[in-house]
> 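The structure is given below, and queries will be raised subsequently.
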Protein chains: 2
Amino acid sequence: MTALIIDDEIQIRRLLRMALESKGYTVRDAEIGQMGLQEAVFHKPDVILLDLGLPDMDGVEVLKRLREWSTVPVLILSVRDQEAVKLAAFDAGADDYVSKPFSTAELIARLTAIQRRQGCHEAANLQLGPLVLDPAHHEASLNGQPLKLTPTEYALLAQLVRHAGKVVTLKQLLRAVWGPQAEEQSHYLRVYANHLRKKLEGSALEIKNEPGIGYRLDQR
Amino acid sequence: MTALIIDDEIQIRRLLRMALESKGYTVRDAEIGQMGLQEAVFHKPDVILLDLGLPDMDGVEVLKRLREWSTVPVLILSVRDQEAVKLAAFDAGADDYVSKPFSTAELIARLTAIQRRQGCHEAANLQLGPLVLDPAHHEASLNGQPLKLTPTEYALLAQLVRHAGKVVTLKQLLRAVWGPQAEEQSHYLRVYANHLRKKLEGSALEIKNEPGIGYRLDQR
DNA sequence: TCTCGCTTTAACGCATTTTTGACGCCGCAC
DNA sequence: GTGCGGCGTCAAAAATGCGTTAAAGCGAGA
């Protein structure tokens, strides 16, 4: 379980880091919005704690950018307790909103609640016919046999399985697997779709392409 | 979408009912914990708003009983703002905790956030008679049958469906599909209107031309 | 430092899609 | 009747996107 803290106050970062690490989280942090977004792309945290008052950009803006490609749970921290700000944050896709000063215990409790909810979806193995994905360990198996996948292959396949039978657009896939700055690099997909096709060969599964739109994982 | 309110104060129930119904929820309510649990069993609400200060039993106790068999999202309402109570509620499986007096708008926002996490958001499909367009997946279907469209065909058809029954000018269509620099290339439209006509053949839909003005998608 | 595995880049042939050009039709104005 | 402009139709040409393969980077661990 890794958490990402985006906050410019060092005291807050220290406090949260201590609290989270004591609960078994691996913690990363960022002082400014830009760095936070990069961290999110690069390290794919399981939860994000986001301060609204960042020096370089508005926290709600950070959240919006993040939500363009990620559904990671986000808990907002803020000194401001104005309703309009809260509503904007929830509207932008926040999962919870805590005003400073906050109780660390409550924060952790809220975080746990979010994670628990998230867990219902993610901990449950993704399955499609003979293919089973285990998100907790990033492992896969086909017809009961373990299937060796690289991290990128796993991420791509997971996206396809989540929307099995439906087209997932090129943009969605690229954002989810390579991050928002790779939206135009559709050749990545060609290469990796190919890798996966080879590994799924002989099974009832098929990665189909919808020209100009995206890919779809089908069961024959 | 149905919500269950468990609260003994009639004013609160009325207030919440109004707010929720205006957001499209079907609302049921209960005055005491026992009734609330029964309601939950029989009507399986999609979300529960639970007051901690019930006359017959402790709210946390209600939550615990509920969690023995249900994972429905629960938002706690409470006049008490003591940390110990909050922690107990979260520990018992609450999804959020709001202290009275609360802002209705914020409450709804928090509820929406929980529901969003729950994954109950359906894409808003464009529909016109037998034709359905799914913008999230760039997919189309006619009479339930998948309809294969190229990206350009899809974009054009989407424009027409959005303004179904009304004339869309040549300029508007060209700008929306080919970009502003193609405003004069009405030739494109003749070709693609034609493609679409062939693909919509046999359905009740018809792409009509208003000479010199634009095109219109009609239902016969 | 070297090796290995993974990711990124590049290159090519092929299929599909988009663009372009050609032609005939129709309605309207002259 | 004739000429003209907008339209529908068709098909060839150009552009784009895809699958495939292989080689070049890159980083972690030996």
Side-chain angles (χ1 to χ4, degrees), chain A residues 26 38 41-44 138-140 146-160 167-201 205-218, chain B residues 138-140 146-160 167-201 205-218:
Chain A
T26 307
Q38 278 191 29
V41 170
F42 215 54
H43 296 287
K44 304 272 173 73
H138 276 220
E139 281 170 349
L147 182 64
K148 226 194 141 195
L149 295 175
T150 71
T152 309
E153 286 166 1
Y154 178 88
L156 177 56
L157 188 53
Q159 278 301 310
L160 290 171
V167 179
V168 193
T169 65
L170 302 176
K171 262 195 177 184
Q172 284 172 4
L173 288 171
L174 287 164
R175 277 180 179 174
V177 177
W178 282 272
Q181 74 287 353
E183 264 179 15
E184 314 297 322
Q185 313 288 309
S186 58
H187 53 267
Y188 289 172
L189 283 173
R190 290 200 279 279
V191 175
Y192 275 88
N194 218 243
H195 291 173
L196 288 178
R197 282 201 255 249
K198 278 178 190 160
K199 297 197 177 183
L200 294 179
E201 221 163 48
L205 300 176
E206 200 179 6
I207 297 177
K208 283 186 183 159
N209 171 258
E210 299 286 335
I213 301 174
Y215 289 82
R216 185 159 47 104
L217 181 61
D218 269 348
Chain B
H138 271 243
E139 271 178 330
L147 182 64
K148 231 195 137 198
L149 296 175
T150 71
T152 309
E153 287 166 1
Y154 179 91
L156 177 56
L157 187 53
Q159 278 301 311
L160 290 170
V167 181
V168 193
T169 66
L170 302 176
K171 261 195 177 184
Q172 280 174 9
L173 288 172
L174 287 163
R175 250 210 306 260
V177 178
W178 282 272
Q181 74 286 356
E183 266 181 9
E184 312 299 321
Q185 312 288 312
S186 57
H187 199 90
Y188 292 169
L189 283 174
R190 289 201 278 281
V191 175
Y192 275 89
N194 220 246
H195 290 173
L196 288 178
R197 281 182 183 131
K198 278 177 190 160
K199 297 197 177 184
L200 294 179
E201 221 163 49
L205 300 175
E206 200 177 7
I207 296 177
K208 283 184 182 159
N209 172 259
E210 300 285 336
I213 302 178
Y215 288 82
R216 183 160 48 100
L217 181 60
D218 269 349

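Side chains included, hydrogens not; waters and symmetry mates left out as well; all remaining heavy atoms used. In the text below, chain A, chain B and the rest are named by the order of the sequence lines, each starting its count at 1.
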> In whole Å, what is the span from the NE2 atom of H187(B) to the P atom of dG5(D)?
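Going from NE2 in H187(B) over to P in dG5(D) covers 16 Å.
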> Please list, pair by pair, any protein nitrogen or oxygen found under 3.5 Å from a nitrogen or oxygen in nucleotides 13-18 of chain D.
unit_1	atom_1	unit_2	atom_2	d
dC18(D)	OP1	G212(A)	N	3.2
dC18(D)	OP2	R190(A)	NH1	3.3

> Taking only residues at least two apart or on different chains, which pairs with a member in residues 208-217 of chain A satisfy salt bridge (charged side-chain N to carboxylate O under 4.0 Å, His left out)?
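The answer is K208(A)-D218(A), E210(A)-R216(A), R216(A)-D218(A).
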> Which heavy-atom pair separates N209(B) from G214(B) by the least distance, and what is that distance?
ND2-O, 3.4 Å
> Can you pull the contact range of chain A along DNA chain C, 5' to 3', using atoms under 4.0 angstrom from its heavy atoms?
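Nucleotide range in contact with chain A: dC6(C) to dT9(C).
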> Quick check for you: to the nearest 0.5 Å, what is the distance between E153(B) atom CD and K148(B) atom NZ?
9.5 Å
> ring-ring contact (aromatic ring centres under 6.0 Å, His included) with H187(A): which residues, sequence neighbours excluded?
none
> Suppose we screen for side-chain hydrogen bond (donor to acceptor under 3.5 Å, both in side chains). Which residues come up paired with K171(A), at least two apart in sequence or across chains?
none
> Ignoring hydrogens, what is the shortest heavy-atom contact between K44(A) and A176(A)? Give both atom names and the distance.
NZ-O, 3.3 Å
> Please find the pair of heavy atoms, one from V41(A) and one from P180(A), that lie closest to each other, and give the distance.
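Shortest heavy-atom separation between V41(A) and P180(A) comes out as CG2-CD, 3.7 Å.
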> Do any N or O atoms of the protein come closer than 3.5 Å to N or O atoms of nucleotides 21-27 of chain D, and which pairs are they?
unit_1	atom_1	unit_2	atom_2	d
dT21(D)	OP2	K198(A)	NZ	3.1

> What residues form a side chain to side chain contact (heavy atoms under 4.5 Å, CB included) with T152(B), not counting sequence neighbours?
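Side chain to side chain contact (heavy atoms under 4.5 Å, CB included) list for T152(B), sorted by chain: T150(B), V177(B), W178(B), Y192(B).
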> Please state how far atom CD in E201(A) lies from atom C1' in dG19(D), giving the value in whole angstrom units.
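Computing the E201(A):CD to dG19(D):C1' distance gives 13 Å.
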> Tell me every residue that passes ring-ring contact (aromatic ring centres under 6.0 Å, His included) with Y154(A), counting only those two or more places apart in sequence or in another chain.
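Residues passing ring-ring contact (aromatic ring centres under 6.0 Å, His included) with Y154(A): H138(A).
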> End-to-end bend of the helix from dT1(C)-dA30(D) to dC30(C)-dG1(D) (five-pair axes, 10° rounding)?
30°
> Name all residues meeting the side chain to side chain contact (heavy atoms under 4.5 Å, CB included) criterion together with A140(B); count only those two or more places apart in sequence or in a different chain, and write none if there are none.
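A140(B) satisfies side chain to side chain contact (heavy atoms under 4.5 Å, CB included) with L133(B), L147(B), L149(B) once adjacent residues are dropped.
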> Which residues pass the side-chain hydrogen bond (donor to acceptor under 3.5 Å, both in side chains) test with E183(B), not counting sequence neighbours?
R175(B)
> Who pairs with E206(B) by side-chain hydrogen bond (donor to acceptor under 3.5 Å, both in side chains), at least two apart in sequence or on another chain?
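So E206(B) forms a side-chain hydrogen bond (donor to acceptor under 3.5 Å, both in side chains) with R220(B).
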> For L174(B) and Q185(B), which heavy atoms make the closest approach, and how far apart are they?
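For L174(B) and Q185(B), the tightest heavy-atom pair comes out as CD2-O, 3.5 Å.
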